[in-house]
Each structure stands twice: as structure tokens, then as C-alpha cells.
Number of protein chains: 2
Amino acid sequence: MDKKRDISMAVIKRLPKYYRHLAELLRNDVDRISSKELSDKIGFTASQIRQDFNCFGGFGQQGYGYNVKELYNEIGKILGTDKEYNTIIVGAGNIGQAIANYSRFEKVGFNLKGIFDTNPKLIGVRIKDIEIEDVDNIDAFLGKNSVDIGIICVPANTAQKIADLFVSNGIKGIWNFAPVDLDVPEDVSVENVHLLESMLTLVYLMNEQKAK
Amino acid sequence: MDKKRDISMAVIKRLPKYYRHLAELLRNDVDRISSKELSDKIGFTASQIRQDFNCFGGFGQQGYGYNVKELYNEIGKILGTDKEYNTIIVGAGNIGQAIANYSRFEKVGFNLKGIFDTNPKLIGVRIKDIEIEDVDNIDAFLGKNSVDIGIICVPANTAQKIADLFVSNGIKGIWNFAPVDLDVPEDVSVENVHLLESMLTLVYLMNEQKAK
DNA sequence: TAGATTGTTAATCGATTAACAATC
DNA sequence: TAGATTGTTAATCGATTAACAATC
């Protein structure tokens, strides 16, 4: 439908960072900023910043720079923070509960609608006014409720099964905390948070430093 | 000290993924694998896999491929999983507690030595046999104990302060969950887990799909 | 030995940076 | 108008892929 050429993943990964820094500028009542000033703050080159923004259209004004509020709103629209997303969490262990209680959650339009687990001790417990249900109920739940994003916080060995369940029920976005690479159709988006890989990266970087 | 040319971040970020897949192969009793087979499994091209490994030395054998166990151990050594790391967590909220209870933690050599928070309700509570202490005690604690990695799970507005405290006490690795970019000296390594940015990336990708 | 697959060099591709004309 | 800064094209840099000689 849309015709704009594909945006590279490198650019996409920078967008949330722009969004965060612009929010901070807004809070500090800054109302205009040049690519140079933004560069000093955020650490990307001014040239890259202008290139990135121009993937989506000309948000600036020659001789002036960018209007912070306008740019913030535009990037928000590009990211999709102007919409609401119904979500469910599968796996109410440490990570699942942390995510459920994460307050910034709602700020980007995430509405938590359900939490599921297999552990009988957890089923029935309430988190944020939501009663944890048996994983066996997910299918029926998804039949009745419209859910946009499924969050996987189960162990590695069951993650793919949950992903399949999501896919067969039409969920198009998966936020995956399990240490596996999920296999899903092309039209389903997966964003991974691989904590173990993150830890290993840190450890590598530390040892590399020490070797210098 | 070490003279090997700098490894690009792109390669570094792939190492933990290799490590994870090799662990899986080991568990399945696979004892040799070619770059082509690994490519089918992991999704990188065979050429890239060979290039990556050759940043660190020739781990393979022409006509044979790679010995899984040997390669796994080599990559482990490169990453630094053969060493132990004393860690502390600052911020015992949802994320901090989840990380403290995260069982894979120890598997890569992380030894949790302390947990700190400002909340009087949390101070004194035990998590994994460790009593949560007042944040004010961090400085003294770091004076007495050798800590390699500091984990920041506090809100954005105090994260930099904690990082400064870490740096002044000689901590060289920071795992940061706060939604800020920390300012630290060059010889201190920071690995960020920015959940909010991850969510926004997912939302962008979903909307991009829908537009197609 | 013949076949297979690495290690490594060369070619290609894509992303970042530099430069500058357009224009507010 | 003059100065500033964007939008955009061109140049550079780096990363990925292709190719193939080396060799197990």
C-alpha cells in the first residue's frame, strides 16, 4: 500500500532514541534545535541525523532547524505511539511479572489484557488487577479478545509453541524474552530482548578493554 | 597489550548468538558442523560465519568443518565465560528483582554479591540470600568488596549518579536498564537494555507491515 | 587420491560522512 | 538582505558476500 522505500534497520533502531531525547528536550521547554545541537546531545553526527529524518520527509526548516514539539510528534506518529495496543503476557515468572508491573508500559499505548502461566501456584494471583490464567486458556481468550501484541516470557523450550499459538490467532507483533530465535511468518514482527546475549556482550567488552 | 585489530561491533554482537546455538548443538550431541550447516541453522551466511570466526583465529579444518565442542569453548573464552564476575544490583524494583532471581545469571559466571535500594520497605528484605541494603551503603560496600559489574535498575533520573559511584570505585562494566545514555570514561564498558526502545521498535515494525 | 570445506582475498553492497546548493 | 541550517547529492568508509586457492 505504502510506497516509500524500505527504511534500513539501522535507521529504525535509532528512531526510539531520537524520540526519547526529544521528549527530554520537550520537558526542558526547548522549542527548537538544529541537527548540530542534537548531534552534541545524542552522539550521532549531524549529517546522519538529517539523513535519518529525511527518510520520512522534511521536518525542518532551512536557517532555523527543527521545531522540537513538531518533530517529537512526527517521530511518534512514525513509531506508532499515537495508537493503542492490546497485549498479553505469557509466562508470569520474574521477567513476566516485571514487565506486567512496568509502569512505562502504558505510556507507549500498551494495554495489558491478560497474563498466563502454567504454574498452579500463580494461576488466580492478581497482577495489576489482572488475574493470571492457565496457559490452556490462551486459545479461547484470543478467540474472544482482540490482541495486537503477545509477550513471551516463558522458558526457551516452550517459546516456539506460544509463538505458534499467537500466529494462528492472528497476532502480528511478538515481544520475545525467551533465549530463542522464533520462527514466524513474514508478516509477523518479532522484537527480541535477549538478556543472556546482552550479558555476554558486556563481558566481552570488559575483557577487550582489559586487554588494551 | 593485545595487538589483534579491533573487532567490529557487528561481529561482537553476533558472538553470543553463535555461543547459544553451539550450546544447543552440544546438547544434541552434534560434534561437527560446517559453516554451511551452521548458516542454515542460525541464519547468517556461511561466508559471514567463516569471516567472523577468522577474526579470532582458524578454528576449523579444511574438508571437515568445525568441531562443535572446540568451537564452543573457543567462543566461550573469547566472550569471557571462563571467568567469574562479582556483581551488584542497584534498584530492587520490578526489573532489579527479576534480574536478581534470573537463574541463567550464574551460568555465565555472574556472582551476585549485593542488592541496594532507597525504599525503606525493601531494605532488609532478602532475595536469593542477599539482604537488600540502603543505597547509601554502596560506597562503603565497594570499598570493602571487589565488584566487577554493576547493574543499574533505578529510574532514569538517578542512573547517572549510580554510574558515577560505580566509576569512582573502579567498576569497569555496567549493565544498564535505565532509559538513559550513561556518560562514563572510555575504559568502562556499558551494555544497555532499553526496554522502551525495544517496544517502540516492535510497534514501528508492526505498523510498517500493516502499511504493506 | 578425490572430495569437501576452510581461510582469505577480491568484489559488491549498503551505510555513514562530507559537501554544498537551496531556501528560510 | 545576510546568516544559518536544512535537504540532498556525491564521496568515503566499512561490512557483507562471492570466489577460489590452500589443505585436510
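Reminder, nothing fancy here: chain letters follow the sequence lines and each chain counts from 1.
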Legend entry - Other residues, nucleotides, ligands: >12 heavy atoms within 6.0 Å of A/K83 NZ: yes
Inset, instruction - Determine whether more than 12 heavy atoms belonging to other residues, nucleotides or ligands lie under 6.0 Å from atom NZ of A/K69. - result: no
Legend entry - Salt-bridge present (B/K172, B/D148; N to O < 4.0 Å): no
Inset, instruction - Could you tell me whether B/D181 and A/K17 make a salt bridge, using a distance below 4.0 angstrom between a side-chain N and a carboxylate O? - result: yes
[X] side-chain N/O to [Y] backbone N/O, donor-acceptor pair under 3.5 Å:
{"X": "A/R32", "Y": "A/V68", "value": "no"}
{"X": "B/H194", "Y": "B/F177", "value": "no"}
{"X": "B/E191", "Y": "B/W175", "value": "no"}

Nucleic acid contacts - [range] versus DNA chain C, non-hydrogen atoms under 4.0 Å:
{"range": "residues 60-71 of chain A", "answer": "A/Q61, A/Q62, A/G63"}
{"range": "residues 10-20 of chain A", "answer": "A/A10, A/R14"}
{"range": "residues 33-50 of chain A", "answer": "A/T45, A/S47, A/Q48, A/R50"}

Inset, instruction - Taking ring-ring contact (aromatic ring centres under 6.0 Å, His included) as the test, write out the residues that go with A/Y19, two or more places apart. - result: A/Y72
Inset, instruction - Could you list all the ring-ring contact (aromatic ring centres under 6.0 Å, His included) pairs where at least one residue sits in residues 21-52 of chain A, not counting sequence neighbours? - result: A/Y18-A/F44
Please name all residues satisfying side-chain contact (heavy atoms from CB on, under 4.5 Å) with [X], sequence neighbours left out, ordered by chain then number.
{"X": "B/S35", "value": "B/A46, B/I49, B/R50, B/Y66"}
{"X": "B/T158", "value": "B/V154, B/P155, B/K161"}
{"X": "B/V11", "value": "B/I7, B/S8, B/R14, B/D52, B/C55, B/F56"}

Inset, instruction - Kindly express the pairing pattern of DNA chain C in dot-bracket notation, using | wherever a base pairs with another strand and counting only Watson-Crick or G-U pairs under 3.5 Å. - result: ..||||||||||||||||||||||
Inset, instruction - For B/E106, enumerate each residue passing the side-chain hydrogen bond (donor to acceptor under 3.5 Å, both in side chains) test, keeping only those at least two apart in sequence or located in another chain. - result: B/K128
Inset, instruction - For A/Q160, check side-chain hydrogen bond (donor to acceptor under 3.5 Å, both in side chains) against everything at least two apart and list the hits. - result: A/D164
Legend entry - Opening and closing nucleotides of DNA chain C in contact with chain B, under 4.0 Å to non-hydrogen atoms: C/dA4 to C/dA10
Legend entry - Value rounded to 0.5 Å, distance of OG1 in A/T201 from CG in B/L79: 7.5 Å
